[in-house]
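In what follows, every chain begins at residue 1, and chains take the letters A, B, ... in the order their sequences are listed. Keep in mind that the numbers below use all heavy atoms, side chains included, and drop hydrogens, waters and symmetry copies.
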There are 2 protein chains.
Amino acid sequence: MPAVEEARKALAKGEVIVMAGPCEVVYEGRGASRLGEGERLVIIKRDRSILVHRPTGHEPVNWQPSGSAIEFKKEEGLTVVTATNGDEVLRIRFTKEPSLTLFKLSDEALFEMYASEEEMKMALLAEPSLIEEGFTPMEDERYVREAGRVDVLGVDREGRLVAVELKRRTATRDDVKQLMNYLDVLEREFGKRPRGILAAPSATKTARAEMAGSKIEFKCLTPKKCMQVIRKKKGLDAYL
Amino acid sequence: MPAVEEARKALAKGEVIVMAGPCEVVYEGRGASRLGEGERLVIIKRDRSILVHRPTGHEPVNWQPSGSAIEFKKEEGLTVVTATNGDEVLRIRFTKEPSLTLFKLSDEALFEMYASEEEMKMALLAEPSLIEEGFTPMEDERYVREAGRVDVLGVDREGRLVAVELKRRTATRDDVKQLMNYLDVLEREFGKRPRGILAAPSATKTARAEMAGSKIEFKCLTPKKCMQVIRKKKGLDAYL
DNA sequence: ACTTTTATTTCGCCG
DNA sequence: CGGCGAAGTAAAAGT
């Protein structure tokens with residue numbers, strides 16, 4: 001079966017196609033690019049995204065996102081692949097017949113990015129100075145009647161009660177309000193309003209405004225930093 | 001030959017390796033990620049960059065840039081690939097023996113991004129209003145003694161001489177200075193200082209400051225826009 | 001659906 | 001070499 005036919009069928013069957021061979025590549029769309037003859041890998045995925053990879057560099061030299069219209073043609077005896085997405089066109093012209101490798105891949109797994117909020121808390125408990133010098137955690141996940149759970153409850157160097165709310169991504173105004181809720185309940189319980197610290201990699205503008213108006217403090221804490229602490233801790237544990 | 005051995009040799013020979021099979025992927029570095037079992041393509045290039053591609057999505061789910069330390073191992077009978085780059089580690093554990101496809105690719109071609117400056121000039125000559133309404137090009141690449149060449153020399157709607165300098169990328173202060181040079185020479189030649197227009201997709205802050213201080217005008221002109229004009233022109237030519 | 005923000009951003013130029 | 005800005009940014013989250 002000719003390579004062009006085989007590729008069309010494979011794409012229809014949802015297989016991933018890898019073509020390898022000498023080709024010229026032209027892209028025109030938001031920008032424009034030209035790539036002279038050379039040997040590359042062309043990868044076409046089942047969602048009709050396409051990648052052109054040179055033998056070096058971890059980024060594709062050209063590509064088209066998923067949902068592109070992929071066409072396999074023979075033009076003057078040469079195999080041509082075009083991928084059209086709106087007014088953007090990628091055209092790959094193989095100057096010699098490319099090799100064709102097909103892969104039937106099944107992949108339903110969940111991709112989890114970043115350290116989890118749980119891991120961030122572990123890091124914080126292992127290294128309380130991530131919040132501030134002299135911070136001492138007292139309770140992990142303290143249950144606050146009606147309001148829910150405070151991530152970490154502790155005291156600062158001057159003995160003041162501190163409620164810490166952790167977020168693994170940009171903190172929102174809702175997160176600030178939730179922490180305010182905890183502070184309200186804790187104030188009634190202890191007779192004195194605790195400090196409130198929202199620890200997150202960043203905060204939205206509205207969240208910052210809310211914090212400014214309610215005396216809640218912000219502490220920048222990234223999952224990355226937490227991962228470093230956890231790994232350091234692990235390394236230490238392994239050493240001891 | 002075992003796949004692990006074969007992969008090592010291929011990498012040493014500068015070949016591009018494509019491994020396909022069910023695997024689990026763990027990344028820890030600037031961030032951290034976990035990807036459960038599923039079938040993926042793993043591409044290892046000769047510059048020791050590595051990509052993990054799921055069957056959909058045009059971006060790799062995990063990767064490591066060029067210059068990573070790539071290791072192929074057998075652990076408890078399973079093939080494991082690790083790529084280490086500084087304190088970043090990518091680990092791919094194949095739960096079944098992966099297929100191994102090797103590609104010997106030679107690619108020395110130049111990659112040209114954007115429309116060329118030449119193409120931008122063609123567009124401008126074909127559609128002078130890209131500069132401003134009433135602009136009329138008079139000379140293409142006018143040689144200015146000692147100073148070099150002005151991209152386009154023309155007159156505006158009020159008959160004033162205009163020197164246009166084209167850049168396909170963000171204009172720098174040096175570009176402004178070059179245009180000023182042309183203006184100086186043209187002023188001596190014509191007895192009157194021409195208008196100077198720098199046409200580029202954007203300008204650096206320093207370039208903008210230099211323009212403000214030297215009465216040089218900026219006209220935003222993108223390669224994309226020029227490509228559109230060229231294509232429209234081509235379409236018209238084909239029609240006539 | 002549109003806008004804003006993030007990213008293991010990457011990449012290039014500027015200072 | 002560090003910092004800043006753009007990218008055919010892409011992709012996710014907020015509005």
Distance, P atom - from dG8(D) to dT5(C), rounded to whole angstrom: 22 Å
NZ or CZ of Arg34(B) within 45° of Tyr27(B) ring axis and under 6.0 Å: no
Touch class at under 4.0 angstrom, heavy-atom based, for Pro65(A) against every strand present: base
Whole angstrom value for the distance that separates C1' of dA11(D) from CZ of Phe111(A): 12 Å
Lys215(A) side chain to Gly196(A) backbone, donor-acceptor under 3.5 Å: no
Which nucleotide in dT9(C), dA10(D), dC14(C) has an atom nearest any side-chain atom of Trp63(A): dA10(D)
Presence of Arg30(A) side-chain N/O under 4.0 Å of dT9(D) phosphate oxygens OP1/OP2: yes
More than 12 heavy atoms of other groups within 6.0 Å of Glu75(B) CD: yes
Complementary nucleotide of dA12(D), counting Watson-Crick and G-U pairs under 3.5 Å: dT4(C)
Gly57(B) or Val61(A), whichever maps to the more 5' nucleotide of DNA chain D: Val61(A)
Euclidean distance, atom NE2 of residue His58(B) to atom C1' of dT9(D) [Å, nearest integer]: 9 Å
Nearest-angstrom distance from the residue atom NZ of Lys167(B) to C1' of dC14(C): 16 Å
For atom CZ of Arg208(B) and atom C1' of dA6(D), their distance in whole Å: 13 Å
Asp174(B) CG - dC13(C) P separation (whole Å): 12 Å
Out of dG8(D), dG15(C), dC11(C), whichever nucleotide has its closest atom nearest the side chain of Glu59(A): dC11(C)
Distance test, side-chain N/O of Thr206(B) to OP1/OP2 of dG15(C), below 4.0 Å: yes
Atom pair distance, as rounded to whole Å: CZ in Arg173(B) and C1' in dC14(C): 9 Å
Asp107(A) side chain vs Arg40(B) backbone, donor-acceptor pair below 3.5 Å: no
Closest to side chain of Asn62(A), choosing from dG8(D), dC14(C), dA11(D): dG8(D)
Flag, side chain of Thr222(B) to backbone of Lys225(B), donor-acceptor distance under 3.5 Å: yes
Touch class at under 4.0 angstrom, heavy-atom based, for Glu88(A) against every strand present: base
